[in-house]
Structure formats: structure tokens, C-alpha cells
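Each remark here refers to the structure printed beneath this line.
All ligand and atom numbering here is 1-based and tracks the order in the structure. Small disclaimer: the values here were computed from a predicted structure and weren't measured.
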Amino acid sequence: MDEQLNRLDSHPDALRIRSKKLEGGVATLIVDGSGMRNDERKAMETRLREAAGTIPGVSEVRIAMTAARKGAAPMIAIGSGKGGVGKSTITANLAVALARMGKKVGLIDADIYGPSQPTLLGAPQRPEAKDKQLIPVDTAFGVKLLSVGQLVPAGQALAWRGPMAAGALAQLTDGDWGDVDLILVDLPPGTGDVQLSLVQKAKPVGAVIVSTPQDLALIDATRAIDLFARTDVPVIGIIENMAGYICPHCGEESDPFGSGGAEASAARLGVPFLGRLPLSASLRKASDAGRPPAAEDGPAGETFVALAKALLDALERNPS
Ligand code: ADP
């Protein structure tokens with residue numbers, strides 16, 4: 001009889017019990033483990049198993065723990081139609097800018113083709129694991145990081161297909177993120193099956209698309225918009241990168257790839273335009289050296305803070 005299990009109503013973990021059933025001596029409990037660390041969940045499971053096991057008529061206890069991600073920090077995916085447009089660079093710097101603005105930020109590097117976040121954020125160390133749960137690496141910039149590059153040796157990731165990549169992503173999303181406010185997810189460039197699987201797995205609340213001003217890149221960017229539309233993820237904005245070139249010698253600005261293409265495209269497609277970033281040799285050098293310019297004062301730092309503000313504003317206007 002189920003009533004016997006009502007004794008559990010006074011248990012300290014009672015609020016976590018979603019349902020309970022007693023059948024043929026087998027007590028089945030469905031327990032909500034959301035927002036808890038692996039070890040806390042295990043401890044709760046042990047407590048409930050012991051408590052239920054002492055109830056007369058119970059010969060076996062089965063406990064099903066529900067998904068841990070419910071109530072976790074919202075994820076924002078950063079995608080691009082093709083590689084080399086600066087998606088990873090912008091993701092790293094957006095995360096750093098958000099952290100400078102006082103947000104608790106996590107970053108998941110799911111770019112299986114070229115996981116560069118450990119380099120960009122100067123954090124090559126491997127994450128530790130506790131109870132099979134990865135503990136994100138603390139970078140020097142207030143951003144917590146987990147990267148597919150930390151899971152496998154360089155180069156091996158190239159052969160991954162959708163389900164494998166999604167499996168790896170699950171390890172990263174299920175990491176011990178603590179109380180982060182939001183998590184940016186650096187997707188692999190492109191709009192194929194792998195990206196589709198990852199977006200379906202991550203279920204981001206919104207997506208940001210990075211594009212260069214070139215027409216070709218914009219056609220690809222349109223494909224990226226399509227990918228998110230197919231997965232019901234709202235595109236919260238487009239960022240135009242390498243828009244204009246600032247000469248390191250004379251400071252003169254020129255437009256090697258044209259400029260404004262992404263903004264015009266965004267308007268045409270009805271997607272918010274978050275801002276643009278010029279081509280800059282110092283940005284590339286600082287990025288290669290693991291010193292994200294967003295961490296420093298100066299024009300690049302200000303640009304990234306403005307982009308991060310635009311992102312938060314767009315997110316507020318576009319609640320999921
Ligand atoms: P993606 O993630 O789209 O493949 P990356 O972020 O890895 O692109 O950037 C590709 C290369 O371009 C890197 O060497 C990076 O430093 C450089 N890069 C990105 N954005 C800029 C920029 N605005 N100015 C100069 N170099 C840039």
C-alpha cells in the first residue's frame with residue numbers, strides 16, 4: 001500500500017520526492033536532483049534509500065533521479081556559418097566582458113573541429129572530476145571553462161559525428177557549474193548534422209551568430225539562422241567581425257572586406273544587430289597569447305563590453 005510510504009513525508013528530503021509507489025514490496029521513488037552536485041545527489045539517494053528500506057512491507061527500494069539540468073543557468077549558443085570568422089575569439093571576449101560586468105559566466109567550448117578556448121583564455125589545465133562530474137577550470141578572467149579540447153588529445157576530435165559530439169557536450173553541460181548566471185556555448189562552425197545535434201542537446205535559450213562582412217559569409221550566416229530556426233532557438237543577434245581595418249601604424253580605418261553587410265542582412269532578416277568589431281592585428285596577437293582584450297581597458301575592451309551589453313539587452317527583450 002502506498003500510504004506506508006507517506007512516512008517519508010516527514011523526511012528532510014521530502015520536498016525533493018516527486019512521486020512514490022509501493023508494489024509487491026518494491027518502493028519506487030522519483031526524486032528531483034536538479035541544481036545539486038553529484039555528491040549531494042548521491043548522499044540524498046543514500047538517505048532516502050535507508051529511510052524507505054526501514055518501512056514495513058518494503059523489501060526493495062528503487063530510486064530514479066530526474067534530470068539535473070532543470071533550473072540550471074541558461075545557455076547561449078554562439079554559432080557561425082563557416083570557420084575562421086572569429087566566433088571563438090568573440091565568444092571568449094564576450095564571456096570576459098560579461099564577467100567584468102559582474103556576471104558569473106561559464107563557457108563551454110563545443111568546437112570539436114578546433115577547440116581554442118583553453119588557448120584564448122590562457123587556461124590549458126585539465127579539469128578535475130569529482131564523482132564523474134567535471135569541475136570547470138577557473139580562468140584568470142573570472143570565466144569558468146570546460147572544453148572538448150580538455151577531454152581528448154588535439155586532432156582526435158576531427159572524426160566525431162553528431163551523437164559522439166553530443167555525448168561529449170553532455171559531459172560538459174553536466175559539469176559542476178555552481179551558481180553561474182549564464183553559460184556561453186562555442187559551437188563548431190557550420191550548419192551540418194553535428195551542429196544540429198549539439199544545438200538539440202544544449203537547448204540554448206538563444207543564439208548569437210558571428211559573421212564577416214563578405215557576401216559568402218553572409219550566405220553562410222543565413223544558413224546558421226536557418227539551423228536555429230529549425231531547432232526553435234531564437235537568434236538574439238548577429239555580430240559582424242573583421243568589419244573595417246585599423247592600420248596599426250597610422251590609425252587610418254579602411255574596409256578590406258566591405259562593411260555593413262551583416263547589419264544590412266540582419267535588418268533584412270529581422271534579426272537584431274548587436275554590433276561590429278574591426279580587424280585588428282593587436283587583437284589577434286593578444287588572443288594568441290591568451291590575453292583576451294576584453295579584460296583590458298582601451299578601445300577593444302570597450303567594444304566587447306558594448307557587445308556584451310547589447311547581448312544582455314537583446315536577451316531581455318527575447319525571453320525564452
Ligand atoms: P572561428 O572560431 O570562427 O573559427 P577564430 O575565433 O578562431 O574563428 O578566429 C580565427 C583567426 O582570426 C584567429 O587567428 C583570430 O585571432 C583571428 N581574428 C578573429 N577576429 C579578429 C579580428 N577582429 N581582427 C584580427 N584577427 C581576428
Please determine if Lys42 and Glu40 form a salt bridge, counting it only when a charged side-chain N lies under 4.0 Å from a carboxylate O.
no
Between Glu45 and Arg41, does at least one N-O distance fall below 4.0 Å, as a salt bridge requires?
no
Would you call Asp138 and Lys144 a salt bridge, taking side-chain N to carboxylate O under 4.0 Å as the test?
no
For atom 17 (C) of ligand 1, find the nearest protein heavy atom and state the residue, atom name and distance (0.1 Å precision).
Arg284 CG, 4.0 Å
Salt bridge present between Lys130 and Asp176 (N-O < 4.0 angstrom):
no
Distance-only, no hydrogens or angles: does the Glu240 side chain make a donor-acceptor pair with backbone N or O of Ser211 under 3.5 Å?
no
Would Gly84 count as being in polar contact with ligand 1, using the rule that some N or O on each side must be under 3.5 angstrom apart?
yes
Would you say Ser116 and ligand 1 have an N/O pair spaced under 3.5 Å apart?
no
Does Asp32 come within less than 4.0 Å of Arg18, counting only side-chain N to carboxylate O?
yes
Polar-atom distance check: Ser88 versus ligand 1, any N or O pair below 3.5 Å?
yes
Just distances here: any N/O of Lys87 and N/O of ligand 1 closer than 3.5 Å?
yes
Going by heavy atoms, is Pro189 under 4.0 Å from ligand 1?
no
So, regarding Val85 and ligand 1 (criterion: nitrogen or oxygen to nitrogen or oxygen, under 3.5 Å), is there a contact or not?
yes
Would you say CD of Gln125 has more than 12 non-hydrogen atoms from neighbouring residues, nucleotides or ligands within 6.0 angstrom?
yes
Are the side chain of Ser280 and the backbone of Leu283 linked by a donor-acceptor contact shorter than 3.5 Å?
yes
Atom 18 (N) of ligand 1 has as its nearest protein heavy atom Met242 CE, 3.8 Å
Examine ligand 1 and decide if any of its atoms is less than 4.0 Å from a heavy atom belonging to Gly114.
no
Ranked by distance from atom 15 (C) of ligand 1, the top protein heavy atom is Thr89 OG1, 3.6 Å
Return a yes/no value for Gly83: is any of its N or O atoms, backbone included, closer than 3.5 angstrom to an N or O of ligand 1?
no
Tell me: protein heavy atom nearest atom 22 (C) of ligand 1, and distance?
Leu283 CD2, 3.6 Å
Between Asp220 and Arg223, does any side-chain N to carboxylate O distance fall below 4.0 Å?
yes
Looking at Gln150 and Ser147, would you say the former's side chain and the latter's main chain have a donor-acceptor pair under 3.5 Å?
yes
For ligand 1, which atoms have a heavy atom of Pro278 less than 4.0 angstrom away?
22 (C), 23 (N), 24 (N)
Closest non-hydrogen protein atom to atom 8 (O) of ligand 1, residue and atom name please, with distance?
Gly86 N, 3.0 Å
Specify the protein heavy atom at minimum distance from atom 25 (C) of ligand 1: its residue, its atom name, and the distance to 0.1 Å.
Ser280 O, 3.1 Å
What do we get for Leu279 next to ligand 1 when only non-hydrogen atoms under 4.0 Å count, side chain, backbone, both or neither?
both
Verify the contact flag for atom 11 (C) of ligand 1, where contact means a protein heavy atom under 4.0 Å away.
no
Looking at Val180 and Trp177, what are the two nearest heavy atoms and their distance?
CG1-O, 3.4 Å
I'd like to check which ligand 1 atoms, numbered from 1 as shown, lie under 4.0 Å from a non-hydrogen atom of Asn241.
19 (C), 20 (N), 21 (C), 22 (C), 23 (N)
